[in-house]
Amino acid sequence: MGNRVIYWFRTDLRLHDSPALKAALDLHPDALWPIFTWDPHYVYRVKGGVNRWQYLLDCQADLSRSIQKLNPKSKLFVLREAPQTLFPKIFKAWNVTHLVFEKDTDVYARERDSAVVASAEEAGVQVITRYGRTLWDSDELVAKNGGKPTMSITQLQAAGRKIGGIPRPIPAPRHLPDPGEMPVSFGQDKPGASPDINAPYRSTPDECYSHIAGPAGKFAVASLEELGFSVSATTPHRGGETIALERLQEIFSDEKYAATFQKPKTSPAAFEPQSTTLLSPFLHFGALSPRLFYWHAQDLVEKYGEGASTPPESLTGQLLFRDMYFAAQAAIGPSFAQTLGNGHCRFIPWHLPSKVEPTGLANNTIAGRYHVDSPQADRWFQRWKAGVTGFPFVDALMRQLRAEGWIHHLGRHMVACFLTRGGCYVHWERGADVFEEFLLDHEPACNAGNWQWLSCTAFYSQYYRCYSPVAFGQKWDKTGEFIRRWVPELKDLDEKFIYEPWTANQAVLDKAGVRVEGDGLREKRDGVYPSPMFDFGERRRACLAAMKRAYSIGLYGDDERVEDGTWKELFERAGETEMEGLDAGDADGEHADDVGDHGDGTEDGIRHKKARNPVVKEGPMDKHVKKKRKT
DNA sequence: GTCGTAGTTGAGGTG
DNA sequence: GCACCTCAACTACGA
């Protein structure tokens, strides 16, 4: 009997440059089943709106068409069951000899894959895996970095050099073997749907698991309706390898743009077209191979010669950062996505900390569940999430994020700094939850890593560099075109006031047909834009001082004082007033439902002056012991 | 161990 | 319009 191979597609929804698919074909299979399994973890536990699900289904449908072009008898066969329970049954029923898939170092993926590998061994099925999700194998990078997480781009590059060259892309296969028979003569194990953190998006019960081969019995790609989504996606960005490769060609046809690309010099306010490549969602779903992208960029840079940009700012540099976060996550494990237990993440007593409870998940937290230690901070958080902070540049970005599932990297910096160390002093894990929900390109490692970077809890520490919601936007877009696009209430406002509408006088506002009042959370009214939720200069000073104290105290997430709660005494002794748990009435909350009600006017007594000379008052710091950083 | 310097992407000013 | 400086000051890395 020849080889009968299951190729298990996961986050590698492509045919071009797939080392794992090549390994499967190298077995010269008699039968090859290209399959995708519905994973209840991703359906119920990972936050994701209709935009991201549409993108995933796009990628699957496109891949299925591409497979069919190579062999009309084949396609992407979608099986609606959790892989852990499904595989033992199909190994036997289909008489499988090999299981091949692309390795994945995400926290849940590791857990799932080790269960699948164990069941394969038990069934006598040989498992073959290859790495193609990053430039280098993340575990190998960690090994070459002395077993430690890669916490800087220098470390990543050094570890990469030790491994050696980045593999050249592998061409797409020219033909695929026929699939074998696919009897489903076994029962279906249906997963428990609770907790379903995507429930708010579903208006009808999801039918995802009602039939193992789908409603028509044809193993078809699911529809949004099957997932219970009745609302339509709002994003213009569509998934699939075909579009990804077209986009790649387009980007590299402009040689000057691609060869001289410098990320910090691209504008977060550019739209139609955006200033960056928009390839990140394709990378996330594996519709585009990072190595294919890398070698397009690298070959061009060498050809271009003088004037080409270099890492970390260049296009290849962007891919290096991605590898850095993947390898950091590979080394740190489940606690990489949080502060608690993470020895490389500073402890800062942010507002709205995550609830830690036995959840059955590796890290004992569920995205989105948090303590409301401060009702005011929760209102700020809700206004940030809804794009009604009263700071037009922040609101424009948050509204673009919600509608399109993508914003520019520097825009992410702006809103992340604003929510955490440069405004609200809300926990970065809250912001990461929101990005997980809205971003098409949400990558667990990169999301956690970037939030730690921006909140100055890991990777980056220059907390005194703070983004201004006024000045930062103006640097890129003097006249506020980006704001006018996303905050139509302000579209006719004079450019002198577009970043600070609260400073405009009545005549100016009347002329623009807008009133500045309220908190924006309640019923939307035409021609009304919310008042700013605080005095930014004042908040900036308070946050900076609090960051300084927290740095001086120097706790990390794995400190026993963080776990047992005695950290509080340290901060109280330091005179900290900006911290978790100081407000009375620790009302526990989970959702946006319990938004506050606080008058029509300004929330906290807005003063309309610009902050200058933000002097940080020095506290009595000397008596606090500084903890040595972990090695 | 000490010191100098670099670090993807701040703000605000000057020339 | 752009390059450069200062502000006040973080960590990591290599010599």
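The model shown is predicted, which means the values in this text are computed figures rather than measured ones. In what follows, chains are A, B, ... by sequence order, proteins preceding strands, each numbered from 1.
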May I ask you to list the residues of residues 155-166 of chain A, by number, that have any heavy atom positioned under 4.0 Å from an atom of DNA chain B? none

Determine the Euclidean distance between corresponding P atoms of dT9(B) and dG1(C); express it in Å to zero decimal places. 24 Å

Could you tell me which residues satisfy ring pair (Phe, Tyr, Trp, His ring centres under 6.0 Å) with Phe336(A), sequence neighbours excluded, listed by chain and number? none

Take the angle between the ring planes of Phe321(A) and Tyr325(A) and call it parallel below 30°, perpendicular above 60°, tilted in between. tilted

Run the numbers on Tyr257(A) and Ile251(A) for side chain to side chain contact (heavy atoms under 4.5 Å, CB included), then give the verdict. CA-CA 8 Å; Tyr257(A) 169 81; Ile251(A) 288 159; 4.1 Å; yes

Give a yes-or-no answer on whether the side chains of Thr234(A) and Asn51(A) include a donor-acceptor pair shorter than 3.5 Å. yes

When Watson-Crick pairs (N1 to N3 and N6-O4 or O6-N4) and G-U wobble pairs (N1-O2 and O6-N3) count only below 3.5 Å on both distances, what is the dot-bracket string of DNA chain B, with | for other-strand pairs? .||||||..||||||

Qualifying residue, where the test is ring pair (Phe, Tyr, Trp, His ring centres under 6.0 Å) with Tyr551(A) and the options are Tyr556(A), Tyr464(A), Tyr463(A): Tyr463(A)

Taking atom C1' in both dC3(B) and dC7(C), compute the distance separating them and give it to the nearest angstrom. 23 Å

Rounded to whole Å, the CG-C1' distance (Leu544(A) to dA11(B)) equals 13 Å

Please report the distance, rounded to the nearest Å, between CZ in Phe261(A) and P in dT9(B). 14 Å

Run the numbers on Ser289(A) and Asp17(A) for side-chain hydrogen bond (donor to acceptor under 3.5 Å, both in side chains), then give the verdict. CA-CA 6 Å; Ser289(A) 151; Asp17(A) 190 32; 2.3 Å; yes

How far does CH2 of Trp502(A) sit from CG of Asp535(A), to the nearest 0.5 angstrom? 9.0 Å

OP1 or OP2 of dA9(C) sitting under 4.0 Å from any side-chain N/O of Lys548(A)? yes

Taking atom types as modelled, find out whether His427(A) and Thr420(A) have a side-chain donor-acceptor pair closer than 3.5 angstrom. no

Within the structure, does a side-chain N or O atom of Arg346(A) lie under 4.0 Å from either OP1 or OP2 of dT11(C)? yes

Centre-to-centre under 6.0 Å for Phe418(A) and Tyr467(A), is that the case here? no

Tell me: CG of Leu454(A) to P of dG10(B), nearest whole Å? 10 Å

Would you check if there is a donor-acceptor pair between the side chains of Gln274(A) and Thr276(A) at a distance under 3.5 Å? no

Stepwise, does the side-chain hydrogen bond (donor to acceptor under 3.5 Å, both in side chains) test hold for Tyr131(A) with Asp104(A)? CA-CA 8 Å; Tyr131(A) 212 76; Asp104(A) 185 339; 5.6 Å; no

Using 30° and 60° as the class limits, which term best fits the ring planes of Tyr460(A) and Trp453(A): parallel, tilted or perpendicular? parallel

Pairwise P distance for dA9(C) and dT2(B), with rounding to whole Å: 22 Å

Sub-4.0 Å heavy-atom contacts from residues 299-330 of chain A onto DNA chain B, ordered by number: Pro312(A), Glu313(A), Gln318(A), Phe321(A)

I'd like the P distance from dC2(C) over to dT8(B), given in whole Å. 24 Å

Would you say the ring centers of Phe391(A) and Phe534(A) fall short of 6.0 Å from each other? yes

Atom CG of Leu410(A) and atom P of dT9(B): how far apart are they, to the nearest Å? 10 Å

Within residues 459-468 of chain A, find the residues that approach DNA chain B with a heavy atom at under 4.0 Å, and present them sorted by residue number. Tyr460(A), Gln462(A), Arg465(A), Cys466(A), Tyr467(A), Ser468(A)

Taking atom C1' in both dG1(B) and dA15(C), compute the distance separating them and give it to the nearest angstrom. 12 Å

Using a cut-off of 4.0 Å on non-hydrogen atoms, how would the nucleic acid contact of Trp453(A) be classed: base, sugar-phosphate, or nothing? base

Expressed as a whole number of angstroms, how long is the span from Met547(A):CE to dG10(B):C1'? 15 Å

Would you mind telling me which of dC10(C), dT8(B), dA9(C) lies closest to the side-chain atoms of His409(A)? dT8(B)

To the nearest Å, give me how far apart NE2 (His413(A)) and P (dT8(B)) are. 11 Å

Would you give me the side-chain donor-acceptor pairs under 3.5 Å for residues 428-438 of chain A, sequence neighbours excluded?
residue, atom, partner, partner atom, Å
Trp428(A), NE1, Thr339(A), OG1, 3.4
Glu429(A), OE1, Ser354(A), OG, 2.4
Glu429(A), OE2, Thr339(A), N, 2.8
Glu429(A), OE2, Thr339(A), OG1, 3.2
Arg430(A), NE, Asp433(A), OD2, 3.4
Arg430(A), NH1, Leu352(A), O, 2.7
Arg430(A), NH1, Ser354(A), OG, 3.2
Arg430(A), NH2, Ser354(A), OG, 3.1
Arg430(A), NH2, Asp433(A), OD2, 2.8
Asp433(A), OD2, Gly368(A), N, 2.9
Glu436(A), OE2, Lys47(A), N, 2.7
Glu437(A), OE1, Lys47(A), NZ, 3.3
Glu437(A), OE1, Lys385(A), NZ, 3.3
Glu437(A), OE2, Tyr201(A), OH, 2.8

Rounded to whole Å, NZ of Lys475(A) lies from C1' of dG1(C) at a distance of 14 Å

So, taking the atom named NE2 in His351(A) and the one named OG in Ser374(A), what distance separates them when rounded to the nearest 0.5 Å? 5.0 Å

Round to the nearest Å and state the distance from Asp477(A) atom CG to dG1(C) atom C1'. 17 Å

